J.: 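Shown below is the structure under consideration.
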There are 2 protein chains.
Amino acid sequence: MGYFTISDLAQEFHVSTRTIRYYEERGLLTPIRTESGQRLYTKKERAKLKLILRGKRFGFSLEEIHEMIALFDEDRTGKKQLEKTVEYGRKKIKEVSERIDDLLKLKAEMEALLSDFEKRLREWEDRAE
Amino acid sequence: MGYFTISDLAQEFHVSTRTIRYYEERGLLTPIRTESGQRLYTKKERAKLKLILRGKRFGFSLEEIHEMIALFDEDRTGKKQLEKTVEYGRKKIKEVSERIDDLLKLKAEMEALLSDFEKRLREWEDRAE
DNA sequence: ATTTTAATTGACGTTGACGTAAAAGTCAAT
DNA sequence: ATTGACTTTTACGTCAACGTCAATTAAAAT
């Protein structure tokens, strides 16, 4: 109980097992192994996969995501480490905020475009009376 | 006046000329040509490039961006065409909205993480008194 | 016990999004 | 008119992010 197999995760997140192994190759996931060598994923690893996939959806590269995930993994005991982490976290949050703003702009542009088309459509319909 | 060369755009948007030609190969841009065959870009083409690059920043593929740009290019005169366009536009706007929501979630997660680290850091500092 | 299903590593293949180099033509400046 | 910067097409190269076998081993189902 409490452990997931590779295909559990593959099914849950709709990715291939190859993909999950690839993320491990790249150092993003670190499952434990059974005696016979099969991978077992804890809830934490599952959470990491979730984060990876979310990151991917915004176009972050695996390398960037790797850096983000480091926040979960590294040993953050010393003060220096904590400070570095906090600083890095602020930076990343800022990046995300910028992306959000950018997306809002895109949305606004698309909405303007759409309302123009809608107007034209109404004109068409008025004409048809 | 009013026309841009390929390197004008390359400089303005910090992309290579190869990239711009590639977008044309993929049907995303359609510059006009001089007598001798050199590409000239109108303001509209420039706007399209801007949109392409914005789209890229959110991880949309060129194929997806192509679909979005079609809103600018196609001949949208008939009622049917207009209706299709409006419907498609709504769909795309919804997709963008979902991405924004997703990013906001990510931001919230990161902020929660960060405040945890900040708390630990304060504890560290208190201890140091 | 044996068939079926799932897991492992290894290696090669593929696709998207360009980079890079070559050969030839064009434009602007001197 | 020649130099040098810029452009064109063609073509091969590259890198990330996987896909797709293949051969082998392990687990689950019957």
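Numbers restart at 1 for each chain; the letters A, B, ... are given by sequence-line order, proteins then strands. Quick caveat, the model's predicted, so the values are computed rather than measured.
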J.: Taking for each residue the nucleotide of DNA chain C bearing the nearest heavy atom, is the 5' side occupied by A/Arg39 or by B/Thr34?
T.: A/Arg39
J.: OP1 or OP2 of D/dA17 versus the side-chain N and O atoms of A/Lys56: is any pair under 4.0 Å?
T.: no
J.: So, for A/Ile6 and A/Ile20, which heavy atoms are closest and what is the spacing to 0.1 Å?
T.: O-CD1, 3.6 Å
J.: Between D/dA17 atom P and A/Leu49 atom CG, what is the distance in whole Å?
T.: 15 Å
J.: Quick one, A/Tyr22 with A/Arg26, criterion side chain to side chain donor-acceptor pair (under 3.5 Å). Give me CA distance, side-chain angles, the key distance, then yes/no.
T.: CA-CA 6 Å; A/Tyr22 179 67; A/Arg26 298 292 306 271; 3.2 Å; yes
J.: With a 4.0 Å cut-off, would you call B/Glu95 and B/Arg90 a salt bridge?
T.: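 Salt bridge between B/Glu95 and B/Arg90, a charged N being under 4.0 Å from a carboxylate O: no.
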J.: Separation of A/Glu24 atom CD from C/dG10 atom P, in whole Å?
T.: 12 Å
J.: Would B/Asp116 and B/Arg120 pass as an ion pair if we require N to O under 4.0 Å?
T.: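 The answer is yes: the pair qualifies as a salt bridge.
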J.: Hey, which sits more toward the 5' end of DNA chain D by its nearest nucleotide, A/Gln38 or A/Ser16?
T.: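 Here A/Ser16 is the residue nearer the 5' end.
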J.: Classify A/Arg26 by what it touches in the nucleic acid, base, sugar-phosphate, or nothing, heavy-atom distance under 4.0 Å.
T.: sugar-phosphate
J.: D/dA17 P sits how many Å from A/Glu63 CD, rounded?
T.: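 For the pair A/Glu63 CD and D/dA17 P, the rounded distance is 8 Å.
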J.: How do A/Arg18 and B/Ser36 order along DNA chain C: which one's closest nucleotide is nearer the 5' end?
T.: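 By nearest-heavy-atom nucleotide position, the 5'-most residue is A/Arg18.
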J.: Could you tell me the separation between the CG atom of B/Leu28 and the P atom of C/dC18, rounded to a whole number of Å?
T.: 10 Å
J.: Decide, yes or no, whether a salt bridge links A/Glu45 with A/Arg39 under the criterion of side-chain N to carboxylate O below 4.0 Å.
T.: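 So A/Glu45 does not pair with A/Arg39 through a salt bridge.
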J.: Does a side-chain N or O of A/Ser7 approach OP1 or OP2 of C/dA7 to a distance below 4.0 Å, or not?
T.: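 Yes, within the criterion.
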J.: For C/dG16 and B/Tyr22 - does any side-chain N or O of the residue sit under 4.0 Å from the phosphate oxygens OP1/OP2?
T.: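 For C/dG16, neither OP1 nor OP2 has a side-chain N or O of B/Tyr22 closer than 4.0 Å.
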J.: Check every strand shown and say whether A/Thr17 touches a base, only sugar-phosphate, or nothing at a heavy-atom separation below 4.0 Å.
T.: nothing
J.: Using atom NE2 of B/His14 as one end and atom C1' of C/dG19 as the other, report the distance to the nearest whole Å.
T.: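 Roughly 19 Å, once rounded to whole Å.
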J.: Provide, to the nearest angstrom, the distance between the CZ atom belonging to A/Phe60 and the C1' atom belonging to D/dA16.
T.: 17 Å
J.: Please determine if a side-chain N or O atom of A/Tyr23 lies less than 4.0 Å away from the OP1 or OP2 oxygen of D/dC18.
T.: yes
J.: Looking at C/dA17, I'd like to know if its phosphate oxygens (OP1 or OP2) sit under 4.0 Å from a side-chain N or O belonging to B/Thr19.
T.: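 No, no such contact exists.
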J.: Whole angstrom is fine here: how far is it from OH in B/Tyr3 over to P in D/dC6?
T.: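 So the two atoms are 23 Å apart, to the nearest Å.
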J.: How close or far is atom P of C/dT20 from atom CZ of B/Arg21, stated in whole angstroms?
T.: 14 Å
